[in-house]
Amino acid sequence: MVCRKSAESVNYLKELNPPQHQAVTHPKGPLMIIAGAGSGKTRVLTYRIAWLIDQGIDPFNILALTFTNKAAQEMRERIERIIGPDARNLWMGTFHSVFAKILRYEGKALGYTSNFSIYDTDDSKSLIKTIIKEFSLDDKVYKPNYVLNRISNAKNSLVSWEMYNENPLFREEDAGARMPEIGRIYKTYAQRCFAANAMDFDDLLYNTNILFRDHLDVLNKYQHKFKHVLVDEFQDTNVSQYLITRKLAAVHQNICVVGDDAQSIYAFRGANIQNILNFKKDYPELITVKLEQNYRSTQNIVNAANSLIKKNKDQLEKNVFSENDEGKKIEVLKSSSDNEEGRAIANMIFEEKVRDGLHNSDFAILYRTNAQSRAFEEALRKLNIKYRIIGGLSFYQRKEIKDLLAYLRFTVNQQDEEAFKRIINLPKRGIGAQTVAKIVVLANEHRVSIWEIVSHIKQYIDGRAANAIAAFAELIQSYMIELEAGKDAHEMATHIAKTTGILRELYADKTVEGLARYENIQELLNSIKQFTDNEEVEDKTLPAFLQTVSLLTTADQEDEDGDHDRVTMMTIHGSKGLEFNHVFVVGLEENLFPSQMMLNNRADLEEERRLFYVAITRAEQNLTLSYAEQRYNWGRLTFCEPSRFLLEIDEQFLKLPKANKPVRKSFDDDNDVISSFGGARKSTFQSTSKAAPAPPSAKQRVLNNLKPVGTAKPAPEHKPSGNFVPSNPSELKAGILVEHPKFGFGKITKMDLMGSSHKATVVFDSHGEKTLLLSFAKLRVVE
DNA sequence: AATTTGTGTATTTTT
DNA sequence: TACACAAATT
């Protein structure tokens, strides 16, 4: 191994403060880095890896586990800039992707082939549903989500289905929840996944544990291979993940974990904050380094965040401080409704861009739930501000994408039951539920796989369904042959898209949706092309692509086009590790943030508080905390109370609601109730303020500062593109001719009132009858 | 078997 | 509201 010269190492080490330096150059043995928000954690991790390589460690012997693939990729690039192309040999990625890779090599020890499928949450849920149905259980009692959660928790604690069924504790719990059959469902679920040569997300970790437990030769190999194990975002690892790293580090004892207990926000999926707290017990020799200087944010922001987080009981002692400018106070923004909140913030962004010369990419809007993005999308669109939404239903969850991927999956792995169910009658080939059920029965009777039946269908049944199935089998077989012949992922996918008829069907569909779907497929094919064209990818086969694709994290989403200058919108969970000049934390209302479901016990509430802490500490210069007084919740207008978290931040850091700028009240706002509602509000607040602490002056001021909205002139006037404007219900009635930007010309046949929002039924010349919600639809009245 | 209509129900965060 | 799923049509 090359031992690099230290000219550069001296350079990069010089940039570090003493604790950072200590962390980077820690020679060997267990190391825990407690890294406060914005303390240069990524830099330390990067430099440490570079430093290790400088010390003569082969990149091939270093394992670095990150929270997202993107983080891994970025880190790899940064290391490459320091040490050169050797960085490519690092083992770096998420737990799931790294161990999926190892399981691909070693899985046969457990009875899986290297082509195993990875079931995503939808697949898992679908299988659970199927099983519940097969057991003739009531899926209103056995809620698939609950059952899946239960199984997931079991696996993450390394409880096998056998152990689950033997343990009376679980049985009692399930009986108490009136779901005594969960153990049986778990068993069947596990067996069915195995039979399908498929692993769900939890299996990737669970099976790795089993692999290392039962196959010491394999464990040994990787223990010796990984001379250094580094774990980022350690506070968000679960027991299953922790045990894997502990086993891997058992020989060399070179384990370095980086984390911040104050930023642990994934307990809901099994992350265990105790991992951090117990780490010392597992490694008595442990050296702990604390990084406490925040380089990211203003003093005001750091101090405000500190004043919040100190309300939590469970935390390590730590003193995060900033030596940056004191900075501006945190602005608290009050709006009368969720839509108003959207407009106010869009306007602030618009003005600030002009005033301070900021770019779209300097702004982020962070919310608790994905559903909250709507109002902001609308408002930003109206001001022509470009944005990107991270998360939500991702590209890969769209129906047409999942369909094509299911074909690819089935081509690679014919055991894949979920993929089979998706594609057997797609496009329509006249194979209905009856036929599929018959096949499943036959497979069970003859104790063979579904594919065995399908590929020899004529031996089992005849009739027209049999012909259709034979054709299907032949199609798949032709794909298998091409795969065997060594075609790469892109060639395969293009060929399959063309020859299944999926593409043809979508092409024929000239509706807007059909067009969009067609484009989505094209986009998927493009991204596969990128995959096979990428020189850093060694394995360009279809199985390799599928593996990568199923383990993409939401943060991994690429910008659709090269345009990076966009306002970012995402959940706070998604914002981890990121930073922005100006951050808006929105929807700060009781029962929304903190979420209603997290109010049951202290631990949950503290996790919500940490979540808020994460949100605040994303901001570099400007922070705006926003809440609305009313909000539509599942179609119902509800009155909201400011979040308790707002009141927990020390008042000296806040600027309470300024007479918040009146924002244009445009005519599409009928679902905003803006006029005063007198006594109603007061009583609502009183009746809902069960959990709120006694009102401090801050709260008083927040609540009293009521202001009328919608009279003064808006800030920047802006024309929506084209002639289309959101329609004004008062000028519409049955019989009027209108034009819609997507659907073209049509005639209104009916006007309705749904709640407080207007609906118009329009018969379009080319698209037939549509019912449009006027608060969203843009219609132009044709003279 | 495919399409349309109606009913009910869930509303957190993600690998 | 809005989506998923079941029942009722064609």
Side-chain angles (χ1 to χ4, degrees), chain A residues 65-71 93-100 118-122 124-126 129 133 139-140 143-146 148-149 152 155-156 199-206 233 236-238 240-241 264-271 366-372 374 390-394 396-397 399 425-436 464-465 468 550-557 570-576 587 591-599 604 607-608 610-612 614-615 631-638 671 754-757 759 771 773 775-776:
Chain A
L65 298 161
T66 58
F67 198 71
T68 66
N69 294 301
K70 196 178 178 189
T94 62
F95 271 92
H96 292 266
S97 61
V98 166
F99 294 111
I118 296 173
Y119 276 0
D120 67 13
T121 312
D122 288 340
S124 301
K125 214 183 291 174
S126 154
K129 273 186 201 164
K133 219 178 258 175
D139 65 354
K140 269 153 209 150
K143 299 204 176 116
N145 268 326
Y146 180 89
L148 185 57
N149 251 324
S152 175
K155 281 185 193 164
N156 283 330
M199 299 190 201
D200 66 17
F201 289 136
D202 303 317
D203 286 332
L204 293 172
L205 306 172
Y206 177 84
E233 307 283 9
D236 289 324
T237 53
N238 61 35
S240 182
Q241 292 168 319
S264 160
I265 54 176
Y266 280 96
F268 71 91
R269 69 170 202 222
L366 307 181
Y367 34 75
R368 180 63 177 79
T369 70
N370 280 306
Q372 285 167 258
R374 246 292 255 298
I390 297 189
L393 59 168
S394 85
Y396 291 99
Q397 292 177 340
K399 181 183 179 302
N425 200 24
L426 196 136
K428 305 266 145 65
R429 9 173 113 76
I431 302 170
Q434 295 288 327
T435 317
V436 175
R464 62 176 193 286
S550 40
L551 294 174
L552 285 179
T553 60
T554 42
D556 297 329
Q557 286 171 25
M570 59 187 154
T571 63
I572 301 167
H573 284 91
S575 74
K576 196 158 62 144
N591 298 331
L592 180 59
F593 191 13
S595 163
Q596 190 166 22
M597 328 195 84
M598 297 295 259
L599 298 175
D604 281 353
E607 172 148 319
E608 292 285 285
R610 289 191 296 268
L611 193 59
F612 189 36
V614 168
R631 169 178 307 275
Y632 272 89
N633 265 348
W634 54 97
R636 205 151 281 283
L637 185 68
T638 52
N671 43 4
M754 172 182 279
S756 57
S757 58
K759 275 194 320 186
T771 301
L773 205 54
S775 43
F776 299 119

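Remark: A/Arg610 is not in phosphate contact with B/dT13, judged by side-chain N or O atoms under 4.0 Å from OP1 or OP2.
Rounded to an integer number of Å, the gap from A/Phe95 CZ to B/dT15 C1' is 12 Å. The CD-P distance, from A/Gln397 to C/dA4, rounds to 11 Å in whole Å. Between the CD atom of A/Glu607 and the P atom of B/dT14 there is a distance of 12 Å, rounded to whole Å. Rounding to whole angstrom units, CD of residue A/Glu233 and P of B/dT15 are separated by 13 Å. We find that NZ of A/Lys125 is positioned 13 Å from P of B/dT14, with the value rounded to whole Å. Regarding A/Phe201, its CZ atom lies at a distance of 8 Å from the C1' atom of B/dT14, rounded to whole Å. Rounded to an integer number of Å, the gap from A/Ile390 CD1 to B/dT13 P is 15 Å. Rounded to an integer number of Å, the gap from NE2 of A/His96 to C1' of B/dT14 is 9 Å.
Between A/Ser124 atom OG and A/Ile118 atom CD1 the span is 11.0 Å, to the nearest 0.5 Å. To the nearest 0.5 Å, atom CZ of residue A/Phe67 and atom OG1 of residue A/Thr237 are 9.5 Å apart.
With hydrogens and angles disregarded, no donor-acceptor distance shorter than 3.5 Å links the side chain of A/Arg429 to the backbone of A/Ala468. Judged purely by atom type and a 3.5 angstrom limit, A/Asp200 has no side-chain atom pairing as donor or acceptor with the backbone of A/Thr121. With hydrogens and angles ignored, the 3.5 Å screen pairs no side-chain donor or acceptor of A/Asn149 with any backbone N or O of A/Tyr146. Judged purely by atom type and a 3.5 angstrom limit, A/His96 has no side-chain atom pairing as donor or acceptor with the backbone of A/Leu204. The closest donor-acceptor contact from the side chain of A/Glu608 to the backbone of A/Met598 lies at 3.5 Å or more, if one exists at all. Side-chain atoms of A/Asn238 come within 3.5 Å of backbone N or O of A/Gln241 as a donor-acceptor pair.
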- [ ] Applying side-chain contact (heavy atoms from CB on, under 4.5 Å), run through A/Val436 and A/Asn425 and close with a yes or a no.
- [x] CA-CA 9 Å; A/Val436 175; A/Asn425 200 24; over 6 Å; no
Open item on the list: Could you go through A/Tyr266 and A/Lys576, starting from their C-alpha distance and side-chain angles, then the distance that decides it, and tell me whether this counts as side-chain contact (heavy atoms from CB on, under 4.5 Å)?
Closed with: CA-CA 11 Å; A/Tyr266 280 96; A/Lys576 196 158 62 144; 4.1 Å; yes
TODO: Might you work through the side-chain contact (heavy atoms from CB on, under 4.5 Å) test for A/Thr571 and A/Arg368, ending with a clear yes or no?
DONE: CA-CA 5 Å; A/Thr571 63; A/Arg368 180 63 177 79; over 6 Å; no
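A/Asp604 is linked by a salt bridge (Lys or Arg N to Asp or Glu O under 4.0 Å) to nothing, counting only residues two or more places apart in sequence or in another chain. With sequence neighbours left out, A/Asp202 forms a salt bridge (Lys or Arg N to Asp or Glu O under 4.0 Å) with no residue at all.
Within 4.0 Å of A/Ser575, counting heavy atoms only, lies no atom of the nucleic acid at all. Using a 4.0 Å heavy-atom cutoff across all strands shown, A/Tyr266 reaches sugar-phosphate atoms only and no base atom. Nucleic acid contact for A/Ser97: none, since no nucleic acid atom lies under 4.0 Å from a heavy atom of the residue.
Going from the P atom of C/dA4 to that of B/dT13 covers 15 Å, rounded to whole Å.
Helical stems in DNA chain B, defined as runs of 3 or more consecutive Watson-Crick or G-U wobble pairs with both donor-acceptor distances under 3.5 Å, are listed by first residue as B:1-10 with C:1-10.
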Could you go over nucleotides 6-12 of chain B and give all protein N or O partners under 3.5 Å, atom names and distances?
{"from": "B/dT11", "atom 1": "O4", "to": "A/Trp634", "atom 2": "NE1", "distance (Å)": "3.0"}
{"from": "B/dT12", "atom 1": "O2", "to": "A/Arg368", "atom 2": "NH1", "distance (Å)": "3.2"}
{"from": "B/dT12", "atom 1": "O2", "to": "A/Arg368", "atom 2": "NH2", "distance (Å)": "2.3"}

Nucleotides 5-10 of chain C: which of its N/O atoms have a protein N/O under 3.5 Å away?
{"from": "C/dC5", "atom 1": "OP1", "to": "A/Lys129", "atom 2": "NZ", "distance (Å)": "2.3"}

Strictly under 3.5 Å: I want the nitrogen or oxygen pairs between protein and nucleotides 2-5 of chain B, one per line.
{"from": "B/dA2", "atom 1": "OP2", "to": "A/Asn425", "atom 2": "ND2", "distance (Å)": "3.2"}
{"from": "B/dT3", "atom 1": "OP2", "to": "A/Lys428", "atom 2": "NZ", "distance (Å)": "3.4"}

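When each of A/Leu552, A/Asn69, A/Thr66 is paired with A/Ser97, the side-chain contact (heavy atoms from CB on, under 4.5 Å) condition holds for A/Asn69 and for no other.
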